[in-house]
> 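Have a look at the structure that comes next, please.
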There are 2 protein chains.
Amino acid sequence: MPMFTDSRGRYRTPRFNAVRSRLRDSGLRPTRQRLDLGHLLFSHGDRHVSAEQLHGEAAGEGVRVSLATVYNTLRQFTEAGLLREVRVDGSRSFFDTNTGDHHHFFIESEERVLDVPAEKLLLDRAPEPPEGYEVAGVDVVVRLRRIGS
Amino acid sequence: MPMFTDSRGRYRTPRFNAVRSRLRDSGLRPTRQRLDLGHLLFSHGDRHVSAEQLHGEAAGEGVRVSLATVYNTLRQFTEAGLLREVRVDGSRSFFDTNTGDHHHFFIESEERVLDVPAEKLLLDRAPEPPEGYEVAGVDVVVRLRRIGS
DNA sequence: ATTTGTGCAAATCGTTTGCATCTGA
DNA sequence: TCAGATGCAAACGATTTGCACAAAT
């Protein structure tokens, strides 16, 4: 909740240095909201969040950001390669701080996304695409349900 | 374009008999629009269509159906097990006349969905789900791009 | 000083729904 | 007859965008 800003309102706290340099390395200006959102995203291990969730979390920490800015920021982070978008069901998008190549569990009833541990590889090989096409990527989503429901 | 209706406006043509019994077997009343849409869907081999596409197709054949009815009908057919919904990207839904268990290619640039031939099996095994959960299903989408783009 | 980001509200897109009107059995 | 379908328009939820204002370099 405390706002670690200097006299000009800038974030000078060491807490944010990691995020700040990450942003700079990606060519993104370290604005207050990008630092705050980046901190929420990248300083708590691997995460899968929706825009709505992140917006709520920010609000809970006393950080003022509009939902539109959360959406825009998630998109920018994704374009900069800091996040990876995961589409598990038709309607909602999740953003994964693990940008590596891996697959997902999706627990529909809880609106929750989990990484499939890399060792438990699912894929033998991508299937040969039809003539004239190449594989751009493979998305695997394992839908889960609570046992006995 | 010709409307094969009897004096009361009913579809009496043999063309529609297959669809008619399919609908009846699923407990769906064979209405004019269900017969027309069913005919478009089920008399041309395996198909993957979006609501928009099917609506356009119907219009092209001189069949009057509202887009809302197309959506409702696709949903009813899906619930009746005549179709399978395929979510390839976040925004659009496709409906697959092949209701068996199989995976999909998705050509983003053409808004097109193809079946992955069953022989080219991708999956070794579903990964073990976390404690307390069971696998409800596995969705695999292989995204394709035209070579050299 | 200039460029780039932000907030808000309005716009968009695919899809669903409410309701008065038709239609099939 | 009359439950069940349809059409339309309005409602929806997630996401994007236009524009005046604010902040970063």
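Note on naming: letters A, B, ... go to the chains in the order of the sequence lines (proteins, then strands), and numbering restarts at 1 for each one.
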> Would you call A:Asp139-B:Arg143 a salt bridge at under 4.0 Å N-O?
yes
> What is the separation between atom CZ on B:Phe77 and atom C1' on D:dT6, rounded to the nearest whole Å?
14 Å
> Can you check the A:Arg29 CZ to D:dA23 C1' distance for me, whole Å?
8 Å
> Round to the nearest Å and state the distance from B:Arg20 atom CZ to C:dA25 atom P.
8 Å
> So, are A:Glu52 and A:Arg92 salt-bridged, with charged N and O less than 4.0 Å apart?
no
> How many whole angstroms separate atom CD of B:Glu85 from atom C1' of C:dG14?
12 Å
> Which label fits A:His39 and A:Phe16: parallel for a plane angle under 30°, tilted from 30 to 60°, or perpendicular past 60°?
tilted
> Please state how far atom CG in B:Leu35 lies from atom P in D:dT6, giving the value in whole angstrom units.
10 Å
> Report, one pair per line, the protein and nucleotides 10-12 of chain D atoms (nitrogen or oxygen only) whose separation is under 3.5 Å.
none

> What I want to find out is whether B:Asp25 reaches B:Arg20 closely enough, with some N-O distance under 4.0 Å, to be called a salt bridge.
no
> Could B:Arg146 and A:Glu134 be called an ion pair, given the rule that one side-chain N must be under 4.0 Å from one carboxylate O?
no
> Need one value for B:Arg92: base, sugar-phosphate or nothing, where a base atom within 4.0 Å counts as base even if backbone is also close, heavy atoms only.
sugar-phosphate
> Take nucleotides 6-12 of chain C nucleotide by nucleotide from the 5' end and write B, S or -, depending on whether a protein heavy atom sits under 4.0 Å from the base, only from the sugar-phosphate, or from neither.
SBBB---
> Among the clusters formed by ILVMFWY side chains lying less than 4.5 Å apart, do B:Val65 and B:Val19 turn up in the same one?
yes
> In whole Å, what is the span from the CG atom of B:Asp89 to the C1' atom of C:dT15?
14 Å
> Can you measure B:Arg87 atom CZ to C:dC13 atom P for me and round it to whole angstrom units?
19 Å
> Can you measure B:Leu28 atom CG to D:dG4 atom C1' for me and round it to whole angstrom units?
11 Å
> Tell me, please, whether B:Tyr133 has A:Arg145 positioned over its six-membered ring: NZ or CZ under 6.0 Å from the ring centre and within 45 degrees of its axis?
no
> Can you tell whether the side chains of B:Arg47 and B:Asp115 come within less than 4.0 Å, N to carboxylate O?
no
> Counting only side-chain nitrogens and oxygens, does A:Tyr71 get under 4.0 Å of the OP1 or OP2 atom of D:dT15?
yes
> Using a heavy-atom cut-off of under 4.0 Å over every strand shown, decide if A:Ser93 touches base, sugar-phosphate, or nothing.
sugar-phosphate
> Assess, by modelled atom type and distance only, whether the side chains of A:Arg64 and A:Gln33 contain a donor and an acceptor separated by less than 3.5 Å.
no
